[in-house]
S.K.: 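To start, I am sharing the structure in question, which I have written as structure tokens.
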Amino acid sequence: DTEVTQTPKHLVMGMTNKKSLKCEQHMGHRAMYWYKQKAKKPPELMFVYSYEKLSINESVPSRFSPECPNSSLLNLHLHALQPEDSALYLCASSQDRGEGNYGYTFGSGTRLTVV
Amino acid sequence: QKEVEQNSGPLSVPEGAIASLNCTYSDRVSQSFFWYRQYSGKSPELIMSIYSNGDKEDGRFTAQLNKASQYVSLLIRDSQPSDSATYLCAVNAGNNRKLIWGLGTSLAVNP
């Protein structure tokens, strides 16, 4: 299995809603990532988990809350978002052996619209 | 400020030609270099990784790395209309889990 699966594929939420994005991989990767991508821009790193521990938080607002329940799952909890948070949210995973970066495998993304 | 620069394009080539995409980076300690392809509305897909100076070939794709000059390039031989996409260059930032991304080059292959 060489896929990263993200659900849902599309999400429309109001500014007072609480929702969660889910990501699953079964490639044995021990590093998992959340990225945000706006149109015609490169992906923007939000969070990195390594061996189920949060290792990088790129000063993301607290209305985004990540969670890594186990080595295969990654969630992103959303609360009180703003319209400018509308974007494609990408999950990715990679091997993490300390030496060398092996490149990411991205999921297909969740297209989020905040109304 | 660590930077990765790419020409935004669009780069337009006829079908069957060689497409050449270039990327320069500012951080001399960078060790890992990647090319991702992204179709409109889709997620990025890793197509090439390179870690040592020289060329690395995979099918119609060749990645070239020159650490002394701090550039990495991607050649696509026998370009096909299905190669039309945005190509993103990414470089590791010293922290093995974090990449610095270029803004991407839009490639159009014309039948």
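Below, chains carry the letters A, B, ... as their sequence lines are ordered, and counting in each starts from 1.
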S.K.: For chain B, find which of Ala92(A), Pro43(A), Ser108(A) contributes the most heavy-atom pairs closer than 4.5 angstrom.
M.R.: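 It is Pro43(A).
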S.K.: Any idea how Tyr35(A) and Trp101(B) line up, ring-wise: parallel (<30°), tilted (30 to 60°), or perpendicular (>60°)?
M.R.: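 Ring orientation, 0 to 90° scale: perpendicular.
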S.K.: Which answer fits Phe33(B), side chain, backbone, both or neither, if we ask what part of it has an atom under 4.5 Å from a heavy atom of chain A?
M.R.: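 For Phe33(B), no heavy atom lies under 4.5 Å from chain A.
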S.K.: Who wins among Ser55(A), Ser50(A), Ala31(A), Gly109(A) for the most heavy-atom pairs under 4.5 Å with chain B?
M.R.: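 Answer, by heavy-atom pair count under 4.5 Å with chain B: Ser50(A).
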S.K.: So which part of Leu103(B) gets closer than 4.5 Å to some heavy atom of chain A, the side chain, the backbone, both or neither?
M.R.: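 For Leu103(B), backbone and side chain are both near chain A.
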S.K.: What I'd like to find out is whether the side chain of Val109(B) reaches to under 4.5 Å of the side chain of Ile76(B), using heavy atoms alone.
M.R.: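 Side chain of Val109(B) against side chain of Ile76(B), heavy atoms only: no contact under 4.5 Å found.
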S.K.: So for Glu58(A), is it side chain, backbone, both, or neither that comes closer than 4.5 Å to the heavy atoms of chain B?
M.R.: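 Glu58(A) touches chain B through side-chain heavy atoms alone.
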S.K.: Is it true that atom CG of Asn7(B) has more than 12 heavy atoms of other residues, nucleotides or ligands lying nearer than 6.0 Å?
M.R.: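 12 or below, so no.
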S.K.: Are any non-hydrogen side-chain atoms of Phe106(A) and Glu3(A) less than 4.5 angstrom apart?
M.R.: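 Contact flag for Phe106(A)/Glu3(A) side chains = no.
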S.K.: For Gln37(A), which atoms come within 4.5 Å of any heavy atom of chain B: side chain, backbone, both, or neither?
M.R.: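 The answer is the side chain of Gln37(A).
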S.K.: Specify whether Phe34(B) and Tyr51(B) have parallel, tilted or perpendicular ring planes, treating 30° as the upper limit for parallel and 60° as the lower limit for perpendicular.
M.R.: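 It falls in the perpendicular class, over 60°.
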S.K.: Taking every heavy-atom pair that is under 4.5 Å apart, which of Ser43(B), Ser106(B), Gly102(B) has the most such pairs with chain A?
M.R.: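 Of the options given, most contacts go to Ser43(B).
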S.K.: Taking all heavy atoms of Arg28(B) and all of Ala68(B), pick out the closest pair and write down the distance.
M.R.: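 Closest heavy-atom pair between Arg28(B) and Ala68(B): NH1-O, 4.0 Å.
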